[in-house]
Amino acid sequence: MASLTAMERLLLFHKLERDLFHRLVHDLAQDPAVMRWVIAFWLWLESTGHHDFIRRVAALPGPVVLRFVDEAVACLRCLANLGQGTTTAGAEDGRNRYLPCTNALLNDPISNVSYFQGRRREVLDGIKHQYRSICLVVCDVGSSTTCGVPAAAPLMVSFPVHTAPRVAPLPLNPMAVSFTLNPMASPWIPVQCSLLPDDYRSLFITFSKGYPISKEDIVAFFDSVFGPCVEMVMVEKVAPGQQPVYGRVILRSAAMIPVVLNGRQTAKFMIKGRHLWARIYIPASRLSYP
């Protein structure tokens, strides 16, 4: 069999990004010109050390993916506006200046879109590189097997940022402790998507040594704070006389993960006077559960 061409190798290597682009454009009715820049932004994030960002986004339900899109567009718009001498993403985008979904998948959270001030040229060059070298090739509006290259879109400093109407942004629950609340958040009912594998609906939890928390108390706490969102709780299997120090909470919906974490890498809760820390569950972790 003949060896693959350079373009065929590129398309094969970026099949995930290609499939996600088609989902955004064909299933979620997004503007392909904007979605190329969105995926370029996500590729740039991965290039700076936030590995598997796109794979994790692609595994989420459509309404949640669109929230990630909103936040990416807010960041891109901020970069464009900075180039015009402004320092904000626009007053109408105030609620998108906070990045709860994006931060839930980052190693180092971005406080808000103003993070890009002072780094505009560096970030912009990186995103443009991903756009020109990858997205113009793999993000084709034709069929997923087409190898054609779409026509170039405008440079990102003036790219279109009008996207399809969105569902309401993620809320921040006032009962969750040690959170900085976003007063601009709107009420939101998460999409239930229990068909996703457990790994994509899970939080890794840890306890203070010597102060474990029962499964029943964990379920009762999360359901009382965030509504009936817990499907199952598992805790570390330990030898007699020892106490568990970690566990796993499987949520009914992957959409609840950024809500519970409030856009942070780690969230801290107090349950009956005992501390519990939660973060996104990493499927590769080799942990022992009963």
Side-chain angles (χ1 to χ4, degrees), residues 56 60 64 67 98-112 169-194 196-290:
R56 293 187 177 190
L60 295 170
V64 185
R67 290 182 173 86
Y98 303 91
L99 310 171
C101 290
T102 301
N103 278 332
L105 300 185
L106 297 183
N107 299 325
D108 298 308
I110 297 173
S111 57
N112 56 55
L170 295 170
L172 304 181
N173 194 299
M175 295 181 65
V177 298
S178 67
F179 286 176
T180 301
L181 301 181
N182 176 3
M184 293 170 284
S186 302
W188 173 69
I189 300 175
V191 175
Q192 298 299 313
C193 192
S194 59
L196 283 175
D198 293 354
D199 287 352
Y200 296 100
R201 295 184 285 114
S202 294
L203 295 170
F204 178 70
I205 57 173
T206 55
F207 320 118
S208 296
K209 189 173 182 180
Y211 297 93
I213 305 171
S214 71
K215 297 179 185 179
E216 295 75 18
D217 285 343
I218 295 171
V219 172
F221 174 81
F222 278 96
D223 284 355
S224 67
V225 173
F226 301 103
C229 62
V230 177
E231 180 178 296
M232 181 187 303
V233 173
M234 299 182 290
V235 296
E236 177 190 10
K237 184 178 181 180
V238 296
Q242 296 184 344
Q243 294 180 327
V245 295
Y246 66 79
R248 179 178 170 191
V249 176
I250 301 175
L251 301 172
R252 297 184 184 184
S253 168
M256 286 303 302
I257 291 176
V259 177
V260 173
L261 295 181
N262 189 28
R264 299 169 183 249
Q265 186 176 8
T266 303
K268 180 181 178 181
F269 304 95
M270 181 75 74
I271 303 176
K272 291 190 173 180
R274 298 186 174 190
H275 292 111
L276 178 146
W277 288 265
R279 62 173 172 80
I280 290 180
Y281 173 74
I282 307 298
S285 299
R286 297 187 177 183
L287 306 175
S288 175
Y289 299 105

Closest heavy-atom pair and its distance - Pro212, Pro244: CB-O, 3.7 Å
Beyond-backbone contact of Asp198 with Arg248, side-chain heavy atoms, under 4.5 angstrom: yes
Partner residues of Gln242 under the side-chain contact (heavy atoms from CB on, under 4.5 Å) criterion, sequence neighbours left out: Val238, Ala239
Which atom of Cys101 lies closest to which atom of Arg67, heavy atoms considered: SG-CB, 3.8 Å
Check ion pair Asp199-Arg56 (N to O, under 4.0 angstrom): no
Ile213 and Phe221, any side-chain heavy atoms less than 4.5 Å apart: no
Smallest separation among heavy atoms of Gly247 and Phe204, with atom names: O-CD1, 3.5 Å
4.5 Å side-chain heavy-atom contact, Leu276 and Phe222: yes
Spacing of Lys272 atom NZ and Asp217 atom CG [to the nearest 0.5 Å]: 3.5 Å
Side chain to side chain, Leu261 and Ile280, heavy atoms closer than 4.5 Å: yes
Partner set under side chain to side chain donor-acceptor pair (under 3.5 Å) for Ser208, not counting sequence neighbours: none
Test side chain to side chain donor-acceptor pair (under 3.5 Å) applied to Asp223 - qualifying residues, sequence neighbours left out: none
Gap separating the CD1 atom of Ile250 from the OH atom of Tyr281, nearest 0.5 angstrom: 8.5 Å
Main-chain N/O of Cys229 paired with Arg252 side-chain donor or acceptor, under 3.5 Å: no
Within-4.5 Å side-chain heavy-atom neighbours: Ile218 and Phe207: yes
Interatomic distance, Ser214 atom OG to Arg274 atom CZ [nearest 0.5 angstrom]: 9.0 Å
Aromatic ring pairing Trp277/His275, orientation class (parallel under 30°, perpendicular over 60°, tilted between): tilted
